[in-house]
Amino acid sequence: MAEPTFRAPKGTRDILAPDSTRLRALVGEFALQAGHNGFGEVISPIFEDLGVFKRLGESTDVVSKEMFDFFDKGDPPQQLALRPELTAGICRAYAEHRPTPPWKVWYEGPQFRYEQPQAGRYRQFTQVGVEILGADDPQADIDVIVLGSRFFKSLGLRQVELALNSLGRPGDLGSRRAYEQALIEHLEQNRSSLSSQALVTLERNPLRVLDSKREQDSEVIARAPVMVDFLDDESAGHFAAVRAGLDAVGIAYEISPRLVRGLDYYTRTAFEFAATALPGAQNAVGGGGRYDGLVEDLGGPPTPGIGFALGVDRILLACDAEGVFESPPSAVDVFVVDVTGGTEALKVCELLREAGIAADRSYGGRSMKAQMKAAHRSGAPFAVIVGEDEVVAGEVTLRDMGDGGQRRVAPSLLARELTEKRTR
RNA sequence: GUGGGCGUAGCUCAGUUGGUUAGAGCGCCUGGUUGUGGUCCAGGAGGUCGGGGGUUCGAGUCCCCUCGUUCACCCCA
């Protein structure tokens, strides 16, 4: 293949129709459902001050090595970063605008992480998500999880599993510290059995050792103490309430004591959606949890928060794997064939479009045969044909591409005629 | 960041142990007389084999580098 001068940067891609249509349809479906649940859309900047994202946790990969950051042209320059996720920006917006809680928002858009690309993992990827800020009630957790779960169902996905855990609370109030100490103790005692990578992770962020998928570590991890046994009373009660709520609406889930999210800000509820139709490395199609300290970290008032983000690209892969959520058809209503030069096609198209009928035509004065082929390919159920005879008669020919039937019509009646046919 | 696979026309792929003008299907274009699609038939355009270097009388076919992609690790959506 001859190398073009430029190509989409590594880890990015052009999404062409019909894939783009499908992606829009998915986002549209999510918007509809979020709207029905009382969430309003937030459109936040694609880049923020780097500091906003540093609050995600200096020890996380997302912050420490995957950020697309840069300086602007200001004096002094400001260090900015393309957003690697959206929750932090939402919390920044909350701290900035102080909307009346509970603030229920949804969002969609591109995010950026400087990672090694592979299937279902891009440097620019799209997520949809929701957040509820200012509600500590476990009912908020439940609402959020149910929304995500129902969204997957509405797409037709059947093989999506929900994993649930509680991470407790950090600081003096909670018992995460006690758990971490117990975990570290356990891991230290078994150092010799752990992989070298696990030992590195142990130094940086002990909790995430639990996330290791390496065979070598599995035995030690299996015997490790679990967070749920250490929960403080408040967290335990919250967790129980969340489970009870999910039970009440019949959402299946599995308690995963070793589910720890990749970002440091999570507290108490944590969950993940896995599409089991996809290979393990890319089956995480969404995840979220509670982040009760994040708004405060960003200079806002102490504000609890809960939300999730879903990976649109991976969800579409899962849809492919399950053979659901086909790309919606996008044919025009009419294709106009004009062998008299093109001006007639222009006039007829405008007439139709003004009447709200989708119309297309061809360019370049091609033969009738070629234009009919184009009409066929467009998928339009009808063709309008304009030749010398029609021009002389002041009419056009309307052809039904399905049965091949056609007859002459006055242009002024065309729109009404087609509207009637379409509604039938 | 580490390791493995792959990279041939727009797309999906064939290309014997290195050897004449690199092939197929699909798609695309043009025809098949008198203005008409989906089937059929006949022509045609389009790759120098991701890029660069090397080995060789000669490389798509071997070696090195590089880019991209893919898989695993890592991490995550």
Side-chain angles (χ1 to χ4, degrees), chain A residues 1-13 16 56 59-66 84-87 108-129 148 195-198 200-201 204-205 208-209 211-217 260-263 272-275 278-288 308-318 335 337-340 362 364 366-391 397-406:
Chain A
M1 188 188 311
E3 190 73 359
T5 308
F6 295 110
R7 48 168 35 168
K10 180 171 180 162
T12 70
R13 66 217 166 109
L16 313 179
L56 301 177
S59 70
T60 64
D61 281 11
V62 168
V63 171
S64 63
K65 56 185 195 192
E66 296 176 358
E85 59 104 63
L86 273 157
T87 304
E108 62 90 13
Q111 284 144 86
F112 308 84
R113 293 181 195 174
Y114 193 83
E115 290 188 282
Q116 220 39 249
Q118 67 186 56
R121 198 170 87 180
Y122 308 98
R123 289 184 172 180
Q124 175 176 332
F125 57 100
T126 302
Q127 287 188 334
V128 295
S195 65
S196 55
Q197 295 100 316
V200 172
T201 309
R204 291 175 45 197
N205 194 337
R208 289 228 304 287
V209 175
D211 240 356
S212 167
K213 288 165 190 157
R214 289 172 292 268
E215 278 293 317
Q216 189 186 347
D217 302 322
V260 291
R261 306 278 304 150
L263 301 170
E272 267 181 18
F273 293 103
L278 292 177
Q282 49 185 272
N283 71 4
V285 290
F308 67 64
L310 311 179
V312 170
D313 312 279
R314 283 187 186 174
I315 292 172
L316 288 173
L317 288 177
F335 195 94
V337 172
D338 174 11
V339 289
T340 68
S362 57
R366 305 221 283 152
S367 71
M368 170 155 293
K369 182 171 182 171
Q371 292 193 50
M372 284 304 293
K373 277 186 153 184
H376 175 75
R377 192 162 42 220
S378 78
F382 294 97
V384 165
I385 301 168
V386 187
E388 298 298 344
D389 296 353
E390 284 84 351
V391 171
T397 294
L398 177 59
R399 178 182 178 85
D400 185 320
M401 295 298 279
D403 60 24
Q406 60 184 49

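Numbers restart at 1 for each chain; the letters A, B, ... are given by sequence-line order, proteins then strands. Note that the coordinates shown come from a computational prediction; the quantities given were computed from them, not determined experimentally.
Within the 4.0 angstrom heavy-atom criterion, only backbone atoms of the sugar-phosphate kind lie near Ala119(A); the bases stay farther away. At the heavy-atom level, Gln282(A) lies under 4.0 Å from the strands shown only through sugar-phosphate atoms. Across all strands shown, Arg123(A) has no heavy atoms under 4.0 Å from either base or sugar-phosphate atoms.
In this structure, the side-chain hydrogen bond (donor to acceptor under 3.5 Å, both in side chains) partners of Asp313(A), at least two apart in sequence or on a different chain, are Arg13(A). Applying the side chain to side chain contact (heavy atoms under 4.5 Å, CB included) test to Pro110(A) and every residue at least two apart in sequence or in another chain returns Ile46(A), Arg83(A), Phe112(A), Gln124(A). Remark: Arg113(A) pairs with no residue by the side-chain hydrogen bond (donor to acceptor under 3.5 Å, both in side chains) rule, at least two apart or across chains.
Under a 3.5 Å cut-off, the side chain of Arg314(A) and the backbone N or O of Val285(A) do not form any donor-acceptor pair. In this structure, Arg123(A) contributes its side chain and Pro117(A) its backbone to no donor-acceptor pair below 3.5 Å. In terms of modelled atom types and a separation under 3.5 Å, the side chain of Gln111(A) and the main chain of Gly109(A) share a donor-acceptor contact.
The nearest pair of heavy atoms linking Pro84(A) to Leu56(A) is CG-CD1, 4.2 Å.
Between Leu56(A) atom CG and rA77(B) atom P the separation is 11 Å, expressed in whole Å. Between the CZ atom of Phe125(A) and the C1' atom of rC75(B) there is a distance of 11 Å, rounded to whole Å. Regarding Arg7(A), its CZ atom lies at a distance of 13 Å from the P atom of rG10(B), rounded to whole Å. For Gln111(A) and rA77(B), the CD to P distance is 9 Å, given to the nearest whole Å. One interatomic measurement links the two molecules: OH of Tyr114(A) to C1' of rC74(B), which rounds to 16 Å at whole-angstrom precision. Following rounding to the nearest Å, Lys10(A) (NZ) and rU69(B) (C1') show an atom-to-atom distance of 9 Å. The nearest whole Å value for the distance from the CD atom in Gln118(A) to the P atom in rA77(B) is 14 Å. Rounded to an integer number of Å, the gap from CZ of Arg121(A) to P of rU69(B) is 12 Å.
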Output side-chain donor-acceptor pairs under 3.5 Å for residues 371-387 of chain A, partner residues at least two apart or in another chain, one line each.
residue   : atom : partner   : partner atom : Å
Gln371(A) : OE1  : Asp338(A) : N            : 3.0
Gln371(A) : OE1  : Ser362(A) : OG           : 3.2
Gln371(A) : NE2  : Asp338(A) : O            : 2.9
Gln371(A) : NE2  : Arg366(A) : O            : 2.8
Ser378(A) : OG   : Ala375(A) : O            : 2.7
Ser378(A) : OG   : Ala380(A) : N            : 3.1

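Going from atom CG of Leu278(A) over to atom CD1 of Ile315(A) covers 10.0 Å, rounded to the nearest 0.5 Å. Here Lys10(A) contributes atom NZ and Tyr114(A) contributes atom OH; the two are 6.5 Å apart, rounded to the nearest 0.5 Å. Rounding to the nearest 0.5 angstrom, the gap separating the CD atom in Glu390(A) from the CG atom in Leu398(A) is 11.0 Å.
Between rA22(B) and rA59(B), the two C1' atoms lie 13 Å apart (nearest whole Å). On the C1' atoms, rC73(B) is 31 Å away from rU12(B), given to the nearest whole Å. For rC74(B) and rC13(B), the P atoms lie 30 Å apart once the distance is rounded to whole Å. As rounded to the nearest Å, rG10(B) and rG51(B) have P atoms that lie 13 Å from one another. Separating the P atom of rA77(B) from that of rC40(B) is a span of 49 Å, rounded to the nearest Å. Here, rG23(B) and rU36(B) have their P atoms 36 Å apart, quoted to the whole Å. rC67(B) and rC76(B) are spaced 26 Å apart, taking the P atom of each and rounding to whole Å. The gap from the P atom of rC6(B) to that of rG46(B) amounts to 31 Å, rounded to the nearest Å.
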### Message
Let me check I have this right: for RNA chain B, each base becomes ., (, ), [, ] or |, based on Watson-Crick or G-U pairs with both distances under 3.5 Å. What is the full string?
### Response
(((((((..((((.....[...)))).(((((.......))))).....(((((..]....))))))))))))....
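For the pair Pro279(A) and Gln116(A), nearest-nucleotide mapping onto RNA chain B gives the more 5' position to Gln116(A).
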### Summary
In B/S/- notation (B base, S sugar-phosphate only, - none; protein heavy atoms under 4.0 Å), nucleotides 31-46 of chain B written 5' to 3' is -B--BBBB--------
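No N or O donor and acceptor, one from the side chain of Glu272(A) and one from the base of rA77(B), sit under 3.5 Å apart. Applying the 3.5 Å distance criterion, the base of rC75(B) shares no donor-acceptor pair with the side chain of Arg208(A).
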